[in-house]
Amino acid sequence: MTDLPSGVRAVGGDLGEPASLAPVLTGVEAVYLFSAGRAAGGFAAAAARAGVKRIVVVSGLDDDPAGVERPLADAGLEWTHLRPNAYASNALRHWGGMIRHQGAVRAPYPDAATAPVHEADLAAVAAIALRGGHAGRRYSLTGPQSLTFREQVAILARALGRELSFVEETPEQARERMARYGMPRSVVDELLAMWAASVGVPATVSPAVERLTGLPARGFAQWADEHADDFR
């Protein structure tokens, strides 16, 4: 971790081994926790023992919200839950290699719609919640616009200044491809089910980013312009 700001110290701990967290959490008032899953209970107990006051937790795709929130509350910790609809950075994660090497995106459900949130907006909301005053709140975080996968690829093409094609896969082909890259079966199943359900259904756009930060949510086109070099 060489790009951390001055004054930030990196320390190691394992959510699966709560005993390893004591030196990590000592003297810490607030924690940003991403996708704790089944480790939430052990983490909550370790955080409470260390004197942590509040947790800002971000849902992973296959997290059970109650399964994360309940252990935190039972341990006497304040929690705020951030629940992104989809990340703009998923475009790089899922499509980056294909765009760089093939000039095409292969995916199922081209008309599946999401409202991808910019990582900077997630970070801004998390920073606000970490300072307190949002205990017990759940915030759905999205970008400012519902976009289909096909529309997202068109936006990326404009940002890159090159033509990109969209090759529609069957769900079975997508399942095999994602499995080859080591994506857990439960995550693959969840993604495919979510995409299938969103075909022809505009994604809900949440006002939470603007309401909490006072600034409009950043759009996918801005994200694409900022990350264009990552696709080259």
Joint hydrophobic cluster, [X] plus [Y], side-chain heavy atoms closer than 4.5 Å:
{"X": "Leu191", "Y": "Val199", "value": "yes"}
{"X": "Met194", "Y": "Val188", "value": "yes"}
{"X": "Val201", "Y": "Tyr109", "value": "no"}

message: Please evaluate residues Lys53 and Glu78 with respect to the criterion salt bridge (charged side-chain N to carboxylate O under 4.0 Å, His left out), reporting the C-alpha separation (whole Å), side-chain torsions for both, the decisive distance (0.1 Å), and the verdict.
response: CA-CA 6 Å; Lys53 294 181 179 178; Glu78 295 181 9; over 6 Å; no
Closest approach of [X] to [Y] (non-hydrogen atoms, all atoms of both residues):
{"X": "Gly143", "Y": "Val205", "answer": "O-CG1, 3.4 Å"}
{"X": "Arg177", "Y": "Ala107", "answer": "NH2-CA, 4.2 Å"}
{"X": "Gly41", "Y": "Pro71", "answer": "CA-CB, 3.7 Å"}
{"X": "Ala113", "Y": "Pro202", "answer": "CB-CA, 4.3 Å"}
{"X": "Val209", "Y": "Thr213", "answer": "O-OG1, 2.7 Å"}
{"X": "Ala224", "Y": "Leu156", "answer": "CB-CD2, 3.8 Å"}

Quick one, [X] and [Y] - any side-chain contact, counting heavy atoms below 4.5 Å?
{"X": "Val167", "Y": "Val105", "value": "no"}
{"X": "Arg138", "Y": "Glu69", "value": "yes"}
{"X": "Pro108", "Y": "Trp195", "value": "yes"}
{"X": "Val31", "Y": "Leu25", "value": "yes"}
{"X": "Ser59", "Y": "His81", "value": "yes"}
{"X": "Leu192", "Y": "Met178", "value": "yes"}
{"X": "Thr204", "Y": "Thr142", "value": "no"}
{"X": "Val8", "Y": "Pro5", "value": "yes"}

message: Using a strict threshold of under 4.0 Å (side-chain N to carboxylate O), is an ion pair present between Asp225 and Arg158?
response: no
Nearest-0.5 Å distance, [atom1] of residue [X] to [atom2] of residue [Y]:
{"X": "Arg180", "Y": "Met183", "atom1": "CZ", "atom2": "CE", "answer": "12.0 Å"}
{"X": "Ile155", "Y": "Arg150", "atom1": "CD1", "atom2": "CZ", "answer": "13.5 Å"}
{"X": "Leu130", "Y": "Arg54", "atom1": "CG", "atom2": "CZ", "answer": "8.0 Å"}
{"X": "Arg162", "Y": "Arg232", "atom1": "CZ", "atom2": "CZ", "answer": "9.0 Å"}
{"X": "Phe43", "Y": "Leu33", "atom1": "CZ", "atom2": "CG", "answer": "5.0 Å"}
{"X": "Leu160", "Y": "Arg100", "atom1": "CG", "atom2": "CZ", "answer": "10.5 Å"}

Please list, chain by chain and in numerical order, all residues satisfying side-chain hydrogen bond (donor to acceptor under 3.5 Å, both in side chains) with [X], sequence neighbours excluded.
{"X": "Arg49", "value": "none"}
{"X": "Arg137", "value": "Tyr139"}
{"X": "Asp230", "value": "His227"}
{"X": "Gln222", "value": "Glu226"}

message: Would you say that more than 12 heavy atoms from the other residues, nucleotides or ligands in this model lie under 6.0 Å from the CZ of Arg106, or not?
response: no
message: Tell me whether Ser206 contacts the main-chain N or O of Leu141 through its side chain, where contact means a donor paired with an acceptor under 3.5 Å.
response: no
task: Give a yes or no answer on whether the side chain of Glu210 reaches the backbone of Pro207 with a donor-acceptor pair at less than 3.5 Å.
output: no
message: Just by distance, no angles: are the side chains of Gln152 and Thr114 close enough, under 3.5 Å, to form a donor-acceptor pair?
response: yes
Donor-acceptor list for residues 85-98 side chains, cut-off 3.5 Å, not counting sequence neighbours:
{"from": "Asn85", "atom 1": "OD1", "to": "Ala115", "atom 2": "N", "distance (Å)": "3.0"}

Scan the side chains in residues 121-129 for donor-acceptor partners under 3.5 Å anywhere in the protein, sequence neighbours excluded, and list what turns up.
{"from": "Asp121", "atom 1": "OD1", "to": "Arg218", "atom 2": "NH1", "distance (Å)": "2.4"}
{"from": "Asp121", "atom 1": "OD2", "to": "Arg218", "atom 2": "N", "distance (Å)": "2.7"}

